[in-house]
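Here's the structure, in structure tokens; my notes come after.
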Amino acid sequence: MAMLYMSRWSNGDLWRDLMTSHLPGLDFRIHPETGNPADIDAVLIWRYPLDELRSFPNLKMIASLGAGVDHVLGERHLIPDGVVLTRIVDPAMTAQMTEWCVMAVLNHLRRWDEYRELQRERHYDELPTLCPDQVTIGVLGLGELGGDCARVLAAMGYTVRAWSRSAKWQDGVTCFAGRDALREFLAPCDIAICLLPLTEETRGILNAETLGWMKRGAYVVNAARGQHIVEADLIAAIDRGHVAGATVDVQSVEPMPADHPFWFHPKIVSFPHVAAQTVPESCTKQIAANYRRMQRGEPPEDVVELERGY
Ligand code: NDP
Ligand code: OXD
């Protein structure tokens, strides 16, 4: 049997070296060098056309090379019945994400851009700052990434609340669950950080109405998917002064087209989807362990619930 790499990244040889170091003797192929489709029992996939998946009669496992699976579930009908979809859950990814969110929070709260501007103007002055315990941060999504981000922010002394789909409990974090609790959750937030998966329930979750529930001067951080925010509503909320600004790692169209307003908006800091990158050296261990489980007839870990969408 063989594992097939189907990714828009051009580092297939690195993945082959790493996967075969964990699974000696593995037949690792890089699309489009598929060989006999009947050999393929596992596919590693990242933002790649899914049309061929149904032509692999012995396919058992699809491993998303990212934590998010919207790139696969957007065309769920192309996933053959009975095939398991797994996703990356990796400490190297979690650590990067928490670091990026903390960076966004600190840049905003410690007024990094304003001090850089003062420096350019050779203006030696001080601006008021809030102490951590005066700041309420709300994390949307209390999963692998949101959970760690909330934990670290709470340890830094912020007042942290989090919102999830099902009821949760986390030390030092005030937890809310379900759509009905969204308003109560958002209302006192000085900063909202989106770490949700993209599903039909979460698409456009930050929009004119929900941003309006936040207090005047609140700040938005989006490290999840661009489609979580109705971008025109965010810009309107910033331009009328209700929202102070935003730091976004993700956008509704990626790469951002040249005329995307985020390129130019003075109060939006935009990154090119780099908050938490897949680290092949780390996450291949997880994928190899899942492949071994599958070959022993055991269920893999970090399996996506297709009905739920994450
Ligand atoms: P998890 O599946 O571990 O956690 C998802 C969280 O979101 C859970 O707490 C879940 O609730 C909650 N959630 C899901 N649906 C809803 C809903 N309708 N209402 C309220 N809460 C909901 O995902 P991860 O933490 O691993 O990843 C989150 C996302 O981050 C990924 O899906 C991906 O889109 C994005 N990401 C972005 C990266 C980047 O570089 N920008 C890198 C990696 C990931 P419950 O706990 O009840 O299930
Ligand atoms: C992911 C991502 O989902 O990189 O892992 O966005």
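Counting starts at 1 for both ligands and their atoms, in listed order.
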Keeping Thr202 on the side-chain end and Pro197 on the backbone end, is there a donor-acceptor pair under 3.5 Å? yes
Heavy-atom contacts with Arg225 under 4.0 Å: which atoms of ligand 1 show up? List them by number with element. 33 (C), 34 (O), 35 (C), 36 (N), 37 (C)
Side chain of Gln134, backbone of Cys131: donor and acceptor closer than 3.5 Å? yes
Between Thr202, Val248, Leu196, flag the one that comes closest to atom 13 (N) of ligand 1 by a heavy atom. Leu196
List the steps, then state whether side-chain contact (heavy atoms from CB on, under 4.5 Å) holds for Met1 with Met294. CA-CA 12 Å; Met1 301 311 289; Met294 188 193 75; over 6 Å; no
Residue Glu281 excluded, over 12 heavy atoms near CD under 6.0 Å: yes
Out of all atoms in ligand 2, which are within 4.0 Å of some heavy atom of His273? Include the element for each. 2 (C), 4 (O), 6 (O)
So for atom CD, which belongs to Glu114, do other residues, nucleotides or ligands contribute more than 12 heavy atoms lying within a distance under 6.0 Å? yes
Looking only at distances, can you tell me whether any N or O atom of Glu201, backbone or side chain, sits closer than 3.5 Å to an N or O atom of ligand 1? yes
Show the atoms of ligand 2 that are less than 4.0 angstrom away from any heavy atom in Gly68. 1 (C), 3 (O), 5 (O)
Can you check whether Leu198 has an N/O within less than 3.5 Å of an N/O in ligand 1? no
Donor-acceptor pair, Asp249 side chain versus Ala275 backbone, under 3.5 Å? yes
Which of these passes side-chain contact (heavy atoms from CB on, under 4.5 Å) with Arg225: Gln251, His273, Glu254? His273
Among Ser64, Ala223, Gly68, closest by heavy atom to atom 37 (C) of ligand 1 is Ala223
When only distance counts, is Ala276 in polar contact with ligand 1, meaning an N/O pair under 3.5 Å? yes
Numbering as shown, the atoms of ligand 2 that approach Ala276 to under 4.0 Å (heavy-atom distance): 4 (O)
Cut-off 3.5 Å, side chains only: do Tyr5 and Asn11 have a donor facing an acceptor? yes
Ignoring angles and geometry beyond distance, decide whether Thr199 reaches within less than 3.5 Å of ligand 1 through its nitrogen or oxygen atoms. no
Asp171 atom CG, neighbour heavy-atom count above 12 within 6.0 Å: no
With only distance considered, is Leu142 within less than 3.5 Å of ligand 1 through an N or O on each side? yes
Run the numbers for me: atoms of ligand 2, each under 4.0 Å from some heavy atom of Ala67, listed by number. 1 (C), 3 (O), 5 (O)
Check the pair Glu209 / Arg183 against salt bridge (Lys or Arg N to Asp or Glu O under 4.0 Å), numbers first and verdict last. CA-CA 10 Å; Glu209 183 185 24; Arg183 186 173 190 153; 5.7 Å; no
Please indicate whether Arg110 has more than 12 foreign heavy atoms, meaning atoms of other residues, nucleotides or ligands, lying under 6.0 Å from its CZ. no
Could you tell me whether Glu117 and Arg111 have a side-chain N and a carboxylate O separated by less than 4.0 Å? no
Ignoring hydrogens, just give me the one of Val139, Leu145, Asp70, Ile205 whose non-hydrogen atom is nearest atom 43 (C) of ligand 1. Leu145
Contact with ligand 2 for His71, non-hydrogen, under 4.0 angstrom: no
Can you list the atoms of ligand 1 that are under 4.0 Å from a heavy atom of Leu195? 28 (C)
Checking heavy-atom distances from atom 35 (C) of ligand 1 to each of Ala224, Ala67, Gly143, the winner is Ala224
Whether the Asp90 and Ser282 side chains hold a donor-acceptor pair (N or O, under 3.5 Å, no angle test) is what I'd like checked. yes
of all protein heavy atoms, closest to atom 26 (O) of ligand 1 is Arg87 NH1, 2.8 Å
State plainly whether one hydrophobic cluster holds both Leu85 and Met61, where clusters connect Ile, Leu, Val, Met, Phe, Trp and Tyr through side-chain heavy atoms under 4.5 angstrom apart. no
Heavy-atom contacts with Lys168 under 4.0 Å: which atoms of ligand 1 show up? List them by number with element. 46 (O)
Nearest non-hydrogen protein atom, atom 19 (N) of ligand 1: Trp163 CH2, 3.3 Å
Taking distance alone, with N or O pairs closer than 3.5 Å, would you say Met97 contacts ligand 1? no
Could you find the nearest protein heavy atom to atom 48 (O) of ligand 1 and give me its residue, atom name and distance? Tyr310 OH, 2.5 Å
salt_bridge(Arg116, Asp113) N-O dist < 4.0 Å: no
What about Gly66: any of its N or O atoms under 3.5 Å from an N or O on ligand 2? no
Of Pro197, Gly309, Gly141, the residue with the heavy atom nearest atom 5 (C) of ligand 1 is Pro197
For ligand 1, which atoms, with element, lie under 4.0 Å from some heavy atom of Asp249? 39 (C), 40 (O), 41 (N)
Nearest-neighbour protein heavy atom for atom 16 (C) of ligand 1, which is reported as residue plus atom name and distance: Arg165 CB, 3.6 Å
Under 4.0 Å from any heavy atom of Arg225, which atoms of ligand 2 are there? 1 (C), 2 (C), 3 (O), 6 (O)
Please identify which atoms of ligand 1 are closer than 4.0 Å to at least one heavy atom of His273. 39 (C), 40 (O), 41 (N)
Would you find more than 12 non-hydrogen atoms of other residues, nucleotides or ligands less than 6.0 Å from Tyr124 atom OH? no
